[in-house]
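None of the values given here were measured: they were computed from a predicted structure. These numbers come from the heavy atoms of this one structure, side chains and all, not from hydrogens, waters or symmetry mates.
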Amino acid sequence: MSQPRIQIRARRKPPLQILPLGGCGEIGMNFTLYGHRDHWIVVDCGMMIRQDLPQAPLQVPNVDLLASKGIVPQAILVTHGHEDHIGAIAWLWPRWQCPIHATPLAAGLLRLRFAEQQLPTDAIHVITPDEAMQSGPFDVRFLPLPHSIPESCALLLATPDHRVLHTGDWKLDPEPLIGDPVCPQRFQALAPIDLVVGDSTNAPVPGHSRSEGDVARALETTIGACHGRVIVSCFASNLARILALGRAAKACGRRVSLMGRSMERMVNIARGLGYLEDFPSLVPVRDLGYLPPEEVLVIATGSQGEPRSALSRLAQGQHADFELQPGDSVIFSAKAIPGNELLIERLQAGLKRARVTLYDERNHPELHASGHPAQEELQRLYGWLAPQRLLPVHGEFQHQQAHRVLAESLGIEVPWVPRNGDMLRLDNEGLSCLERHSLAPHIVTQNRIHPLEGLRAPAMSSMHRRSGILSLTLPVVRQASGWARVGRLLWDTSHDLALDDTAFADWLDDQLAVHEADTIAKLRQQLHAPLMHWLDEHLRHLPDVHLHIMAAEETSPLDS
């Protein structure tokens with residue numbers, strides 16, 4: 001049989017490039033670039049708080065790589081208004097001055113932030129959930145998904161050759177209190193999707209996340225059983241929780257007061273958008289002393305132990321208008337963010353000294369609901385979308401890996417677990433990593449962005465032989481016997497280092513066990529000199545070292 005004289009080959013699609021610069025291997029600071037035909041867009045531009053460093057500075061994405069690659073973002077698209085998704089825009093936008101597209105609540109928060117930094121706000125464009133827009137070759141649709149802040153949206157990014165769903169943060173809440181439950185038909189109509197870039201935060205968690213409606217009923221029951229004043233601490237952005245507290249106060253015969261500037265600002269913006277129409281009238285904090293204790297409910301910031309927050313000032317007896325009394329109750333209606341555990345423990349110790357009754361996630365988990373999907377929700381969404389591939393983002397390595405295992409059990413390809421700085425390519429051949437780039441942390445101090453200074457070794461003979469950057473991420477827990485490492489030691493280098501990672505990890509484990517620092521910041525200081533001496537003895541060329549120590553939970557079987 002003769003061979004055909006003409007061989008027809010599949011048309012090669014122009015590739016889609018994906019470059020995450022934040023949110024991979026960490027909780028917070030989400031930042032992902034998408035590029036097609038030399039047109040680049042940014043999805044989210046968030047920050048994180050470095051609780052392991054003195055004064056807990058802000059860290060923002062390191063975007064220095066973009067100039068060397070000739071990448072100039074043409075638009076910033078915002079999935080929702082949390083600080084880990086919008087908090088770096090006011091710092092980085094002046095470099096590009098491109099249009100910013102955000103839903104009304106996120107746009108309102110951005111305008112306030114821009115005004116504070118004396119930036120023009122005319123680049124901020126409001127887009128409503130379920131609306132579509134275009135940026136160069138990208139057709140974008142904002143698809144509403146419930147989360148712990150209103151107007152959270154997944155983004156459908158479509159080019160003539162690719163269809164990608166960037167989920168942002170989400171959950172499948174049947175009773176979200178603010179906004180509507182998810183519409184399955186809207187997502188089923190999108191199937192099949194080429195790639196999902198998905199939230200990994202709760203991928204290790206079995207089952208289904210708790211509904212805001214269930215939390216509202218639990219809060220009303222708990223507040224109704226309290227006899228003195230009640231102080232509830234939650235995230236200011238969780239407007240559904242704030243609405244639930246207002247309704248619970250009304251049902252229990254209590255008056256509501258807000259404590260904390262961010263709480264007051266968020267409620268004012270939400271009221272202007274019509275989200276809190278049935279919220280009760282507010283009582284100024286200075287007038288609470290005139291009310292009987294059983295008629296007071298305070299909603300306060302500070303659930304993460306922030307030293308300058310309203311709740312921390314209460315615990316220290318330093319609030320100008322309000323003082324805790326024995327018989328009062330303090331409810332933590334928020335989950336501890338990894339890295340904040342020690343600050344929260346210190347705050348709660350101060351509250352216990354004030355002889356108040358404490359309710360938190362450990363003894364009353366029904367008083368909080370996560371805003372991220374557990375395993376059943378991930379399975380359900382992927383059943384609607386029928387994605388061919390998954391890129392697990394928005395989480396630390398153990399969360400990304402758990403997401404990968406779950407997706408592969410559903411028959412979804414997971415070719416790569418990304419780190420910040422990975423240049424990825426989606427084309428006919430699938431998803432691949434073209435390059436890996438080491439990104440030194442960038443922090444904000446005194447209204448200026450600069451690289452986080454590496455650990456410097458004491459004077460020694462080899463001090464002039466520096467070679468590149470070594471970034472270390474060390475997850476730890478504090479135990480009765482001292483500090484201990486949890487999970488893997490993550491490290492990244494800008495140059496190849498002849499480093500025996502097993503010996504290095506064993507040495508670090510021994511060091512952690514003998515240090516008695518009571519905070520992560522002090523532990524970092526104590527490790528400084530011995531770490532640099534060890535590296536100097538084992539490497540020909542000593543790098544600058546960026547050491548990131550983060551508090552973590554005990555490992556589960558999946559993590560180990």
Side-chain angles (χ1 to χ4, degrees), residues 18 20 23-25 27 30 32 43 79-80 141-148 152-157 163-176 179-215 335 365-366 368-418 426 430-431 553 555-560:
I18 306 170
C24 293
I27 301 290
N30 297 287
T32 306
V43 174
T79 61
H80 64 281
R141 182 170 289 276
F142 285 67
L143 301 170
L145 272 174
H147 182 44
S148 55
S152 185
C153 291
L155 302 183
L156 177 65
L157 307 174
R163 297 171 75 247
V164 174
L165 187 83
H166 186 108
T167 69
D169 293 351
W170 63 280
K171 63 187 291 187
L172 299 182
D173 193 336
E175 193 180 358
D180 299 320
V182 68
C183 174
Q185 293 77 18
R186 177 184 282 123
F187 290 91
Q188 289 168 342
L190 303 177
I193 289 289
D194 296 325
L195 174 69
V196 168
V197 181
D199 181 2
S200 305
T201 309
N202 276 351
V205 179
H208 198 290
S209 62
R210 189 175 289 108
S211 170
E212 285 294 335
D214 292 335
V215 175
K335 182 178 177 62
E366 72 279 4
H368 175 61
S370 173
H372 301 273
Q375 292 176 359
E376 288 184 8
E377 293 158 279
L378 291 167
Q379 292 169 350
R380 191 175 171 196
L381 181 67
Y382 297 161
W384 296 339
L385 294 171
Q388 183 177 356
R389 303 175 189 87
L390 168 76
L391 189 67
V393 298
H394 296 187
E396 297 172 356
F397 176 78
Q398 64 266 30
H399 307 120
Q400 294 174 282
Q401 186 62 23
H403 201 174
R404 178 183 206 168
V405 171
L406 175 71
E408 290 179 339
S409 73
L410 300 174
I412 302 169
E413 298 176 25
V414 188
W416 196 257
V417 175
L426 179 64
L431 182 68
E553 299 178 358
T555 52
S556 65
L558 176 61
D559 297 333
S560 59

**Request:** Working to the nearest 0.5 Å, report the span between CD of Q188 and CG of L381.
**Result:** 10.5 Å

**Rounded distance (nearest 0.5 Å) linking atom CD of Q379 with atom OG of S409** = 6.5 Å

**Message:** Could you measure the distance from the NZ atom of K335 to the OG atom of S148? Nearest 0.5 Å is fine.
**Reply:** 13.0 Å

**Message:** Using side chain to side chain contact (heavy atoms under 4.5 Å, CB included), reason through L145 and S152 one step at a time and then give a plain yes or no.
**Reply:** CA-CA 6 Å; L145 272 174; S152 185; 5.5 Å; no

**Asked** Do T79 and F142 come close enough that some side-chain heavy atom pair is under 4.5 Å?
**Response** no

**Message:** Looking at Q400 and V417, would you say the former's side chain and the latter's main chain have a donor-acceptor pair under 3.5 Å?
**Reply:** no

**Complete:** When rounded to the nearest 0.5 Å, the distance separating NE2 of H147 from NE2 of H80 is 3.5 Å

**Request:** May I ask you to check whether H399 and S200 show a side-chain donor-acceptor distance below 3.5 Å?
**Result:** no

**Asked** Taking C-beta and beyond as the side chain, do H166 and T32 meet within less than 4.5 Å on heavy atoms?
**Response** yes

**Item:** For the student: nearest non-hydrogen atoms of N202 and H372, plus distance
**Value:** ND2-O, 3.3 Å

**Item:** Of all pairs that satisfy salt bridge (Lys or Arg N to Asp or Glu O under 4.0 Å), the ones with a partner from residues 198-214, not counting sequence neighbours
**Value:** E212-R241, D214-R217

**Asked** If we only count heavy atoms from C-beta on, is the P392 to V414 side-chain gap below 4.5 Å?
**Response** yes

**Message:** Strictly distance-based, threshold 3.5 Å: is any side-chain N or O of E377 a donor or acceptor partner for the main-chain N or O of A374?
**Reply:** yes

**Request:** Could you list all the salt bridge (Lys or Arg N to Asp or Glu O under 4.0 Å) pairs where at least one residue sits in residues 181-192, not counting sequence neighbours?
**Result:** D130-R186

**Asked** Does some side-chain heavy atom of P387 sit less than 4.5 Å from a side-chain heavy atom of D194?
**Response** no

**Prompt:** What pairs of residues pass the salt bridge (Lys or Arg N to Asp or Glu O under 4.0 Å) test when at least one of them lies in residues 163-172, not counting sequence neighbours?
**Reply:** K171-D173

**Prompt:** For L155 and L143, what are the C-alpha separation, side-chain angles and deciding distance, and is it a side chain to side chain contact (heavy atoms under 4.5 Å, CB included)?
**Reply:** CA-CA 6 Å; L155 302 183; L143 301 170; over 6 Å; no

**Item:** Nearest-0.5 Å distance that lies between atom OG1 in T167 and atom CG in L385
**Value:** 9.5 Å

**Item:** L378 side chain near P373 side chain, heavy-atom distance below 4.5 Å
**Value:** yes

**Request:** Determine the minimum heavy-atom distance between P204 and P206, stating which atoms define it.
**Result:** O-CD, 3.5 Å

**Asked** Between E408 and R404, is there a salt bridge with N-O shorter than 4.0 Å?
**Response** yes

**Prompt:** Is any side-chain heavy atom of L426 closer than 4.5 Å to a side-chain heavy atom of V164?
**Reply:** yes

**Asked** Are any non-hydrogen side-chain atoms of P181 and P176 less than 4.5 angstrom apart?
**Response** yes

**Asked** Under the 3.5 angstrom rule, does the side chain of T201 hit a backbone N or O of G395 as a donor-acceptor pair?
**Response** no

**Prompt:** Would a 4.5 Å heavy-atom cut-off, applied to side chains only, mark W384 and V182 as touching?
**Reply:** yes

**Request:** Starting at CG of L195, measure out to CG of L165 and round the result to the nearest 0.5 Å.
**Result:** 9.0 Å

**Prompt:** What heavy-atom pair brings S209 and S370 nearest, and what distance separates the two atoms?
**Reply:** CB-O, 4.2 Å

**Request:** For the residue pair H403 and Y382, categorise the inter-ring angle as parallel (less than 30°), tilted (30 to 60°) or perpendicular (more than 60°).
**Result:** parallel

**Item:** CA sep, side-chain torsions, deciding dist, call: N30, H394, side chain to side chain contact (heavy atoms under 4.5 Å, CB included)
**Value:** CA-CA 7 Å; N30 297 287; H394 296 187; 3.0 Å; yes

**Fill in**
For H208 and L172 the tightest heavy-atom approach is CE1-O, 2.9 Å

